[in-house]
Amino acid sequence: MKFKSLKCTKMLVFISLEKAGAEPESEGARKQRSKTGVKPPAVSFSDQNRAHVFKKRRRFPTELSPEIHASLLRSQRFQVLSSHLMETRKLQQTIAGCIERAGITLHSGKVARVKIWPECAGIGRYFDFRSNFIHASVDYVQESPLCTMLCKDGYKVRTVEHLLSALEAMGVDNCRIEVEIPDGEESSVEVPIFDGSAKEWVGAIKQVGLKVATDETGNSCEKMIPFLIEPVLVHRNDSFIAAFPSPKAQIIYGIDFPQVPAIGCQWFSTTLDDSFYAQKIGPSRTFCIYEESFYKVEKLRNLGLIKGGSVDSAIVCSESEGWLNPPLRFPDEPCRHKVLDLIGDLSLFAQHGSQGFPVAQIVGYKGGHALHADFVRRLSGIS
């Protein structure tokens, strides 16, 4: 299928080409692309309305100036591609009120306070740290040990994956995430770790509820969904993430710890569903291997990491003794937590209030945040 893009000064236009009527890429075009090294995008954004043309207005919330919102919109790379229509007829959502939570952070060990505010349709999810705005996009991901970190203009927000996972899975498409720390002079901040899962955020979202997001004139906006149009594979050593075209969003994930019998080899499969996520994925906690942690902890703390880590923020497993702080919430809780992380990291593919997790069958094995980010970059056509 050919990809076609249109540019317009005051709107984005999405054209749908029916598969039967779309011409295949010519041999000359393929040779030219091979010479230039340009990779075709692996996904396409689908309009969820039956209309073949979708107009998206600029949207500015009342609490921020138009200049700030224009900057936020410019920070989101948006590819305008041909696609098939998906008639789910969903509208973009935001939270119905403010969410406020405070807790210990994993790496600095300090208390951070997070306030999540409703946001206008089309803006998406972004962090507000001392009036510095960092969009929840793979464009700002900087590789960091043991967490996903966003960085822009020298300001960093760490450990965002559990919060973003809950927002993505529970359908919060647009929101402003304000993060505060006691020391206002620092240039980095973290999201609290709580018990090492997304349970706290899921409960907070359910408590406050959702509403249809609207622009400044009160108009709603259709939600876009990316869907795979060709197989994708990224890998590091024996770890990989593969994805295949599919009519629904499905995750199959595996982990393997042969040196830790209590964990061993685990596989978990699920579709992306908010109620299932809330009950069966969101409560799964992060885990660590005691013997590995024992030798790494001092080194990591010298790097300013895991100062707030404890048995209250993770489940710990010993190679010889098994689980040191049982009980587990699920027999395969470690594998489920990997799925939680994957959903959070793939939320970084979202743009302008769209869904980040693509409609595809995604198979992951022994992955981590860095590999997840590689996968999102591949989907985005960055790498």
Side-chain angles (χ1 to χ4, degrees), residues 11-12 14 43 45-48 54-81 90-96 98-99 114-129 131-141 148 150-153 155 157 160-161 163-179 191 201 205 210-216 219-226 272 274 343-358 373 376-377 379-380 382:
M11 65 179 179
L12 295 173
F14 295 80
V43 299
F45 277 87
S46 65
D47 188 345
Q48 295 191 26
F54 169 69
K55 300 180 180 180
K56 190 158 77 65
R57 305 175 182 87
R58 291 187 177 185
R59 299 166 172 81
F60 308 109
T62 56
E63 67 270 25
L64 296 180
S65 69
E67 291 78 12
I68 290 176
H69 260 68
S71 175
L72 283 170
L73 288 172
R74 285 195 301 271
S75 72
Q76 304 178 61
R77 289 183 311 97
F78 204 96
Q79 295 174 300
V80 187
L81 307 173
K90 292 182 180 179
L91 297 176
Q92 290 186 20
Q93 298 182 114
T94 187
I95 50 176
C98 178
I99 292 173
V114 176
K115 297 178 182 178
I116 309 175
W117 301 90
E119 184 54 280
C120 286
I123 296 300
R125 298 179 286 254
Y126 66 97
F127 289 87
D128 177 356
F129 174 39
S131 298
N132 296 280
F133 305 110
I134 307 177
H135 189 72
S137 166
V138 72
D139 291 339
Y140 303 112
V141 171
T148 298
L150 303 176
C151 181
K152 181 183 177 183
D153 298 332
Y155 291 94
V157 183
V160 300
E161 59 270 16
L163 170 56
L164 291 179
S165 181
L167 294 172
E168 173 78 7
M170 301 301 290
V172 182
D173 307 308
N174 305 277
C175 63
R176 175 166 65 94
I177 307 165
E178 183 181 353
V179 187
V191 175
W201 298 120
I205 294 167
L210 301 178
K211 66 178 182 180
V212 172
T214 59
D215 62 17
E216 74 282 2
N219 293 320
S220 58
C221 179
E222 289 83 3
K223 183 174 180 177
M224 310 296 289
I225 292 185
L272 194 61
D274 57 352
I343 294 171
D345 291 335
L346 262 62
S347 76
L348 298 169
F349 189 45
Q351 302 173 56
H352 298 282
S354 70
Q355 179 172 303
F357 200 99
V376 178
R377 292 188 185 99
L379 294 179
S380 303
I382 298 176

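What you see is a predicted model, and the numbers here were worked out from it, not measured in a lab. What's counted below: heavy atoms across the whole structure, side chains too, no hydrogens, waters or symmetry copies.
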Q | Gap separating the CD1 atom of Ile343 from the CG atom of Leu164, nearest 0.5 angstrom | A | 12.0 Å
Q | Considering all heavy atoms, the nearest Lys211-Pro118 contact | A | CE-CB, 4.5 Å
Q) Once you round to the nearest 0.5 Å, how far does CZ of Phe349 lie from CZ of Arg377? A) 13.0 Å
Q: Indicate the atoms forming the closest heavy-atom contact of Val212 with Ser220, along with that distance.
A: CG1-CB, 3.8 Å
Q: Ignoring hydrogens and angles, tell me if any N or O in the side chain of Asn174 forms a donor-acceptor pair with the backbone of Glu119 under 3.5 Å.
A: no
Q: For Ala166 and Trp201, work out which heavy atoms get closest and say how close.
A: CB-CB, 3.7 Å
Q: Could you tell me whether the side chain of Lys90 reaches within less than 4.5 Å of the side chain of Ile225, counting heavy atoms only?
A: no
**Q.** Closest non-hydrogen atom pair between His135 and Tyr126, with its separation
**A.** CA-CB, 3.7 Å
Q. Rounded to the nearest 0.5 Å, how far does CZ of Phe357 lie from CG of Leu379?
A. 10.0 Å
Q: Mind checking salt bridge (Lys or Arg N to Asp or Glu O under 4.0 Å) for Glu161 and listing every partner two or more places apart, or none if nothing turns up?
A: none
Q) Can you name the nearest heavy-atom pair linking Pro358 to Leu346, along with the distance? A) CD-CD2, 3.7 Å
Q. What are the two closest heavy atoms between Cys120 and Ala213, and how far apart are they?
A. C-CB, 4.4 Å
Q | Backbone of Gly171 reached by a side-chain donor or acceptor of Gln93 within 3.5 Å | A | yes
Q) What pairs of residues pass the salt bridge (Lys or Arg N to Asp or Glu O under 4.0 Å) test when at least one of them lies in residues 164-174, not counting sequence neighbours? A) Arg125-Glu168, Asp173-Lys223
Q. Between CD1 of Ile116 and CG of Asp128, what distance do you get to the nearest 0.5 Å?
A. 12.5 Å
Q) Are any non-hydrogen side-chain atoms of Leu348 and Val141 less than 4.5 angstrom apart? A) yes
Q) Is Phe127 close to Val179 at the side-chain level, that is, under 4.5 Å between some pair of heavy atoms? A) yes
Q: Give, for atom CG of Leu163 and atom CD1 of Ile177, the distance between the pair rounded to the nearest 0.5 Å.
A: 4.5 Å
(Q) Distance check, rounded to the nearest 0.5 Å: Ile99 atom CD1 versus Lys115 atom NZ? (A) 13.5 Å
Q.
Are Leu167 and Ser347 packed together at the side-chain level, in the sense that at least one heavy-atom pair is separated by less than 4.5 angstrom?
A. no
